[in-house]
Amino acid sequence: MDPSTIREKIGRFRILVVGRANAGKTTILQRVCNTRENPVICNSAGEKIDPAVLEASRDRGLHDIENEMTFESNPGFIFHDSRGFEAGGVSEFDKVKAFIASRSKEARLKDRLHVIWYCIPMDEACRSFTKGETKFFSQCDTGNIPVIVLFTKFDALYDEAYARLKSEGVSMKEAGRLAPKHAEESFATGSQLKFLYHSKDIRHPPKCHICLPNMDSDDADCGLLIERTAETLDNEVLKQLFVSTQQTNLEICMKYAVEISLLKFMGSAETTTSDGHEKMIRTLGTWFPNIWV
């Protein structure tokens, strides 16, 4: 099944975004959808919700995980938002757990949850995992739905690395140049990842993680998030849907167009005819639905 047929049958790619307030969730979604605009939010019946009504609900502590967020710049993605479990305690955790269980059992692939992005901000003084985060990875079995941890606001660790290098006598210019690499290397061998992947308290670790610095800058790059998400999808249909829906990483479209579609034509008798050539070109083109020639 080629990507254009998949989009017709399934429609849109569905993502649950988990994370406490100020975790940078909306900024990341804007980067993924290549926009600065706010999302359009609809209820489960597809009815648009007035932003003022949503704000009033949030002020009263109300939140509906079933609401769907989309961006006009790329309506191929549907996002569901969870506030994180510190906001709603046991009740919020149970809602998220029930939502994941319910969506994983949907008969139609288009109604299922396809991936979970769990956002953990790195700009707070204490960066150990919260009780809510630990509870999620110890008690929430997401089944076949892959979970990716997004360490957001990762550039906060650059400042710490810069200060450490300066204290060691490194010049300001050199410390500024080296700080990102030192922060990444230190984090890679640090306590957070050891706990996330190797602690006996974590029964359901994520598929992978990524570090996202400076996502509020104009040239922010979410390419790694796109690549890792595609890699975690074991279902080839969902992989094709995701890759052909995203619009920010042309290289990944080329990669999977070659690996999945082009290789199927290699050595085929079809490629020896003009009709076969046209079919191959059309098939490859379905991986690039947002490019017009």
Side-chain angles (χ1 to χ4, degrees), residues 12-42 49 51 54-55 57-59 61-89 92-93 95-97 99-100 103 113-124 127 129-130 132-133 135-137 140 142 145-157 192 196 206-218 220-226 228-229 232 242 245-248:
R12 297 184 284 183
F13 192 90
R14 191 178 299 272
I15 301 172
L16 170 62
V17 186
V18 183
R20 55 191 187 270
N22 300 314
K25 293 181 291 183
T26 300
T27 300
I28 290 170
L29 302 188
Q30 288 172 326
R31 292 296 171 274
V32 168
C33 293
N34 197 27
T35 184
R36 289 280 189 178
E37 301 299 321
N38 289 324
V40 175
I41 302 179
C42 298
I49 304 175
L54 276 175
E55 190 63 34
S57 296
R58 291 194 190 100
D59 291 342
L62 302 176
H63 177 77
D64 190 348
I65 196 172
E66 292 286 351
N67 288 343
E68 299 180 348
M69 275 196 302
T70 58
F71 291 88
E72 292 182 357
S73 60
N74 190 347
F77 285 118
I78 296 177
F79 301 103
H80 294 270
D81 177 36
S82 167
R83 298 174 297 174
F85 310 126
E86 285 66 35
E92 185 68 17
F93 176 78
K95 288 178 182 177
V96 171
K97 193 174 180 179
F99 175 78
I100 293 171
R103 286 286 179 174
L113 188 60
H114 302 140
V115 75
I116 299 170
W117 289 343
Y118 201 120
C119 299
I120 299 178
M122 301 302 292
D123 64 337
E124 298 179 358
R127 296 187 183 87
F129 287 94
T130 65
E133 291 159 357
K135 186 175 183 179
F136 179 88
F137 291 108
C140 193
T142 63
I145 304 170
V147 180
I148 302 173
V149 169
L150 281 55
F151 289 106
T152 62
K153 304 184 179 182
F154 193 78
D155 47 291
L157 299 189
Q192 290 99 334
L196 185 61
K207 281 271 193 177
C208 66
H209 70 276
I210 62 169
C211 303
L212 295 175
N214 300 311
M215 293 306 290
D216 56 349
S217 66
D218 291 335
D221 181 13
C222 63
L224 186 59
L225 174 57
I226 300 300
R228 291 291 183 271
T229 301
T232 63
F242 175 78
T245 296
Q246 65 82 33
Q247 301 176 11
T248 58

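All heavy atoms count here, side chains included; hydrogens, waters and symmetry mates do not.
Ring centers of F137 and F129: at least 6.0 Å apart, outside the cut-off.
No donor-acceptor pair under 3.5 Å is formed between the side chain of Q247 and the backbone N or O of C33. Distance alone, capped at 3.5 Å, is enough to place a donor-acceptor pair between the K25 side chain and the G19 backbone. Although no hydrogens or angles enter the test, the distance criterion places no donor-acceptor pair under 3.5 Å between the side chain of T27 and the main chain of D216. Using a distance-only test at 3.5 Å, with no hydrogens or angles considered, no donor-acceptor pair links the side chain of N34 to the main chain of T248.
I148 has its side chain out of reach of P206: every pair of non-hydrogen atoms, C-beta onward, lies at least 4.5 Å apart. The side-chain heavy atoms of N67 and D81, taken from C-beta on, include no pair separated by under 4.5 Å. Using a 4.5 Å heavy-atom threshold, the side chains of L16 and V96 count as touching. With contacts defined as side-chain heavy-atom distances shorter than 4.5 Å, the pair R103/T142 does not qualify.
R31 approaches C222 most closely through the heavy-atom pair O-SG, 3.7 Å.
Using cut-offs of 30° and 60° on the angle between ring planes, the pair W117 and F79 is tilted. Between H209 and F151, the two ring planes are perpendicular [angle over 60°; tilted spans 30° to 60°].
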- [ ] Assess whether side-chain contact (heavy atoms from CB on, under 4.5 Å) is satisfied between F242 and H114, documenting all intermediate values.
- [x] CA-CA 9 Å; F242 175 78; H114 302 140; over 6 Å; no

TODO: Show the numbers, then the answer: is there a side-chain contact (heavy atoms from CB on, under 4.5 Å) between E133 and R20?
DONE: CA-CA 10 Å; E133 291 159 357; R20 55 191 187 270; 2.2 Å; yes

TODO: Apply side-chain contact (heavy atoms from CB on, under 4.5 Å) to M215 and F154, showing your working.
DONE: CA-CA 9 Å; M215 293 306 290; F154 193 78; over 6 Å; no

Task: H80/F99 under ring-ring contact (aromatic ring centres under 6.0 Å, His included): CA gap, chis, key distance, verdict - done: CA-CA 10 Å; H80 294 270; F99 175 78; 4.9 Å; yes

TODO: Start with the C-alpha distance between Q192 and I120, add both sets of side-chain angles, then the distance that settles side-chain contact (heavy atoms from CB on, under 4.5 Å), and finish with yes or no.
DONE: CA-CA 11 Å; Q192 290 99 334; I120 299 178; over 6 Å; no

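For CG of N22, the number of neighbouring non-hydrogen atoms (other residues, nucleotides, ligands) closer than 6.0 Å is 12 at most. The 12-atom threshold is not exceeded at CD of E72, counting heavy atoms of other residues, nucleotides or ligands nearer than 6.0 Å.
Checked for salt-bridge contact, K95 and D64 miss the test: no charged N lies under 4.0 Å from a carboxylate O.
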